[in-house]
Every structure is written in structure tokens, then in C-alpha cells.
Participant: 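What follows is a single structure, and I will ask about it in a moment.
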Amino acid sequence: MKIGFGFYKHMLNREQYDFAVQCGATHAVVHLVDYFYQGDQGDGNNQPIGNVELGWGYAGGTPQADWSVESLKALKAELNDAGLEFEAIENFDPADWHDILLDGPKKETQLKRVKQIIRNVGEAGIPVFGYNFSLAGVSGRHTFENGRGGAETVGMRGIDEVNTTPVPNGMIWNMIYDSNAPEGIQPEIDHDELWRRLEGFLKALVPVAEEAGVRLAAHPDDPPLDYVRGQPRLVYQPDMYQRLLDIVPSRNNALEFCLGTLSEMTEGDIYEVCERYVKQDRVAYIHFRNVRGKVPNYEETFIDEGQIDMRRIVRVLKENHFEGMLIPDHTPQMSCPGPWHAGMAFAMGYMKALLAED
Ligand SMILES: [Mn+2]
């Protein structure tokens, strides 16, 4: 197995790459769009864009991601030079696929655009592309000082207004893609309609991904509730991942397997769930993190503090010959001058020790 490190867009520099390598990372996951935070302190996580709980502002003010082959190859060369393999990109830009998610008028144009992105990613030699087919995105959580030692972490204490406030027109994935959209809220759709949209997306994209040598990897819904902000969710119980895989039976239709989110779900045994999907060879990579509780009452924890026995997960992975990458995804913040980096370094050291065991 490989140990990876995730870089947000504003972290794409040599100091951050060196930090990751010092933590034991050999592989990199890159976000070319900063969804959550725009930090200029270098510690990844300290300047929220917009309203943290109700959604983040777009991106109108930040440059669009550059998906050209040259730019991707240049980034790959930078990572390689620092000693990292470029294993995956995580997430499309809402500007590139909002009408695929919403079944809007630009859907066909945007399908062409995301197909070209996948071809470019393949041509640059990047083997995995993670995505989350979601309207409301990651939203509706609160921050608590509930990690060990009072560490700051995120979670939920029941359903409240941040989970039920409808998504306004012009917003997808917490980001405003059209600031001139008519006032009002997005029309509510049902689960069948959302699955129909996903089916169209996968049937169009997976053949392109196969040809490009790229594995599309789906993240489950975080938090895994049936509805968030008035819109349905796709994968909020472990079995729903199977439905997604069965739409197009291909190794290139794969999973960005988030242990934390899966363990927050109200059904399933996390070890059996892990074994079930790894056995099918459909797990592209793993968000290796821990939580305590189930939706709608849970919190993210330090890697050794939550309800998942991470050592047992590693045993399941080894028994099933999983060869892919693990990344910490996110961790509680630690009380020191580098809260985000300290949390990551702690998780990385723990992972490295687990993988070194027989
Ligand atoms: Mn995750």
C-alpha cells in the first residue's frame, strides 16, 4: 500500500511537498479548486471563504483551475522533483459541471468539457480522478472542541437549520457558480432523479476514462444523510456504493473510499463494508480517518481515537491484497502554531507504523 498526502490548491508549493515527504508520503492527491478554505498562512485551513456552516462563496474571485495537459504535466514534474508521485486529482470545479449535477441547459457542453478534462488527466499520466456527485456538497456540520485534549474538530449534534436551509439558485457544492441567478431556491428533486443524473454522467464518462487510463473514484456523501439542505443524497448507506458500481461494471468506475464517512452511516459493519468493496477491486484509494458516532450525532476524531479499529482495517486491506493509496483526508486541529500540519503529521506517523506491521 502507498501513503499519500492531500494538497489543497493554495498548498501547491515546495515547502508543502517537503512537509508531506517528511511525514512519509510517497504519493500526492491534489485539489485544483479550494472548496473550503483559502489559507495564506501555509497551514491549509485557516481562512474560510464565506459562511463556513451555510456554504462557501465561489470562486468568482479566484482564477479557474487550469486543466491543460501542459499545466498538469508541469505540476506532475514539480511533485516528482520533490519525491512524490501524482496519484490523484480530487474534484471537478463547480463551474465545469453544475449543469451535469442540475440537469441544466449547459449539460451537453459541460459533459464535453469534463470528458476533455479526463483525457488531459490521462495524458498527463495521473491515474485517478476523485469526484462527489452531490448538489449540497459537504455542508451542515459544526465545529466542536471535542477531540482529545479539547482539539478542534467537526461534526453534528442533530439536524438543525444548517442542514435544512435550502440551496439557493446559482449555487452548487457550496459554491456560487452564477451570481446573476434569479432569486429563489433550487427546485427539490427526488432520489430517483439524482440517480438518473448520475447514470447519465457515468455512462458518458466511464468509456472516456477507460480509454484515458483514468479511474473515476466516487466519494460518499458527507455527512451521510438522506437529504441535506432540501436536496437528496446518493451514497448515504454503504449498500448504495454497490448501486453506483453496478451502473457501469468497469474498473474505471471506482470508489474514493472514505472510512470516516462510511462509519458515520447508520447501517453496515465498517470492516465488512471495507472487505466487500476491496474484494471487487473497485477501491481506487482510501480516506483513512476516524470518527465517533453516527449521523446526525457524530464528530471526527484523531486517527487512534474514534470507533474504527484502524489496525483491523489495515489487516482487512492486506488480506485482500489492496495495493492502492491511503491518505489521512482530514484530522482534528492541534494546539500549536501549525494546527493543521500537526494533525496531519500525527495521522501520517500513525499510518506509517500500521503499514509497517506484519
Ligand atoms: Mn473523505
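Counting starts at 1 for both ligands and their atoms, following the listed order. The figures here come from the full heavy-atom set of this structure, side chains too, leaving out hydrogens, waters and symmetry mates.
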Participant: Taking the ring of His341 and the ring of Phe19, is the distance between their centroids below 6.0 Å?
Facilitator: yes

Participant: Decide, counting backbone as well as side-chain atoms, whether Asp222 has an N, O or S atom less than 2.8 Å from the Mn ion (ligand 1).
Facilitator: no

Participant: With carbon and hydrogen excluded and only N/O/S kept, which atom of His287 is nearest the Mn ion (ligand 1)?
Facilitator: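 Relative to the Mn ion (ligand 1), the closest nitrogen, oxygen or sulfur of His287 carries the name ND1.
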
Participant: Is Asn163 reaching over with its side chain to a backbone N or O of Val228, donor-acceptor style, under 3.5 angstrom?
Facilitator: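 Not confirmed, Asn163 side chain does not pair with Val228 backbone.
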
Participant: Could you check whether Tyr350 and Phe302 have their ring centres less than 6.0 Å apart?
Facilitator: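 Not under 6.0 Å, so no.
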
Participant: For the Mn ion (ligand 1), decide whether His219 has an N, O or S atom at a distance under 2.8 Å.
Facilitator: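 Under 2.8 Å: His219 contacts the Mn ion (ligand 1) through an N, O or S atom.
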
Participant: Can you confirm if the aromatic rings of Tyr131 and Phe129 lie within a centre distance of less than 6.0 Å?
Facilitator: no

Participant: For the Mn ion (ligand 1), what is the closest N, O or S atom on Asp329?
Facilitator: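 Within Asp329, restricted to N, O or S, the Mn ion (ligand 1) is closest to atom OD2.
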
